[in-house]
Amino acid sequence: MDDIFEKEMQKDTVFVDRNVLTSHYIPDTLPHREKEIDRVMKTLSQILKGKPPRNLFIYGKTGTGKTSTTKHVIDKLLQVKDKYKVGVDSIYINCRMLNTKYQVLLKCAEFCNSRKNFIGFPFSVLLDAVIDYIKAGRINFLIVLDEIDKVKNLDDLIYSLVRANEALESGHIGVIGITNNVTFKKELDPRSRSTLLEEEMVFPPYNAEQLQAILKQRVKLGFKDGSVDDSAINLASALAAQESGDARYALNLILKAGELADEDRAKKVGESYVTKARKVVEEEIVYEMIINLPEHEKIALYAIAQLTSEGSHYHRLDGTADERVLFSGEVYEKYEAVCRDLDKVARSARWCREYINELDMLGLITISLSGKGVRGNTTLIRLAFPANKVKEVIEKRLES
DNA sequence: CCTCCACAGGAAGCGCAGGAGT
DNA sequence: ACTCCTGCGCTTCCTGTGGAGG
């Protein structure tokens, strides 16, 4: 039944399984992470020898394989645990979503006691639930905390887990912390630092050749045979290598390139699609950024876009270019007007200036001080992206 | 030269939500 | 579960800067 649809869908696509190209997918082998896998493996294999797991802290930029490597090794560990007759359980928590000690422990407690709903229970009850579970099964419980720097009162959480560990006669808790935040270590309490950083690893960024290997592997799995040119892979790797060696970015490029090729009903993904994909990906990042802007910054940006696209009264700087440069005064007037239209109370002019600075920091506009020439002392404001597109993106979000 | 305008950006203070302390 | 405290977003006020115009 599905089959005919399946066939139809397969006709006009270069993909076999686009899922392979997303960051959720973890391949059987991770190219160029052999050393890292080895070290994580060594650390965790203590468990198989009947020793308590050492806590592990992993640092590395985005897209350097921290999460994949960790998950990969833990999968392998879970596969062999029965052979060695040891109890191992593991829970993966992304702390961007669950960013308090309570939420983290709640997740652990629910994992340990799958049918019970612990919401609303005091912290200590959750801790006991986890401890009981570990005790009963003599389990080595590995807690993977991804983006661990996002947890609000992490010191408390670590402290509680240490105490729990001490209270256990059988079984242990091991924490694997993952982050891409360099400064994070310094913010930790010295005690929890020495606990968490028992074992420390840094994942280096991938270089262009390594990215090529990664892409080749995934392309083989995710695309139809021969539908992706080597030159496309090379370009995507090179671009991602420039972009701080981010494998996720490289995969995203090749995925988008494939989608663009599908749109054209092209049979082959060549370099040109990667170039286009790069544009699309960059734009998406920008529009994502705009969507996530605080409301009044969005309104300010909208006002700027509006003024820019009106273009009726723009200012020529030294008569050369006809770039539309705005003064902060008129931006504030427009901002107030937009606020009125939306039935919102406008913030003060002082704060609007802060917004404008913020938008500049984000690269959505460029500002420069007039210095001498134009009016006394003012900020000259220029939109960094096409006004119509910016307006369109904000309009979609603002009305709702 | 002096004053006014248009604005930049620092300082102080205010109300509020949410975390800490008990 | 209670208050207490603190940080944050914001306003208000203020001082400083440089061109325009009398």
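Chain letters run A, B, ... following the sequence lines, proteins first, then strands; residues in each count from 1. As a basis for the values below, the full set of heavy atoms in this structure was taken, side chains included, without hydrogen atoms, waters or symmetry mates.
- At whole-Å resolution of the value, CG in A/N357 and P in C/dG9 are 15 Å apart.
- Between the CZ atom of A/F327 and the C1' atom of B/dC5 there is a distance of 13 Å, rounded to whole Å.
- Here C/dG9 presents its C1' atom at 15 Å from CG of A/L293, a figure rounded to the nearest Å.
- The heavy-atom pair separating A/K51 from A/N140 by the smallest distance is O-OD1, 4.4 Å.
- In the helix from B/dC1-C/dG22 to B/dT22-C/dA1, the terminal helix axes, each the rotation mapping four pairs' C1' atoms onto the next four within five end pairs, subtend 10°, rounded to 10°.
- Between the side chains of A/N180 and A/Y59, no donor-acceptor pair is found at a separation under 3.5 Å.
- The side chain of A/S328 contributes an N or O atom lying less than 4.0 Å from OP1 or OP2 of B/dA8.
- Separating the OH atom of A/Y102 from the P atom of B/dA20 is a distance of 15 Å, rounded to the nearest angstrom.
- In summary, of the residues considered (A/L142, A/I176, A/N165), a side chain to side chain contact (heavy atoms under 4.5 Å, CB included) with A/P53 occurs for A/L142 alone.
- Listed by residue number, A/R350, A/R353 are the residues of residues 348-356 of chain A with a heavy-atom contact under 4.0 Å to DNA chain B.
- Side-chain contact annotation: A/S309 with A/K391, donor-acceptor N/O pair under 3.5 Å present.
- Residues A/D246 and A/Y206 have side chains that never bring a donor and an acceptor to within less than 3.5 angstrom of each other.
- Not counting sequence neighbours, the partners of A/R96 by the salt bridge (charged side-chain N to carboxylate O under 4.0 Å, His left out) test are A/E147.
- With hydrogens and angles left out, the side-chain atoms of A/Y25 and A/D17 include no donor and acceptor closer than 3.5 Å.
- In this structure, A/F111 has its ring center closer than 6.0 angstrom to the ring center of A/F141.
- Rounded to whole Å, atom P of B/dG18 lies 13 Å from atom CD of A/Q103.
- Here B/dG9 presents its P atom at 10 Å from CG of A/D360, a figure rounded to the nearest Å.
- C/dG9 atom P lies 11 Å from atom CZ of A/R347, rounded to whole Å.
- The nearest whole Å value for the distance from the CD atom in A/E333 to the C1' atom in B/dC5 is 14 Å.
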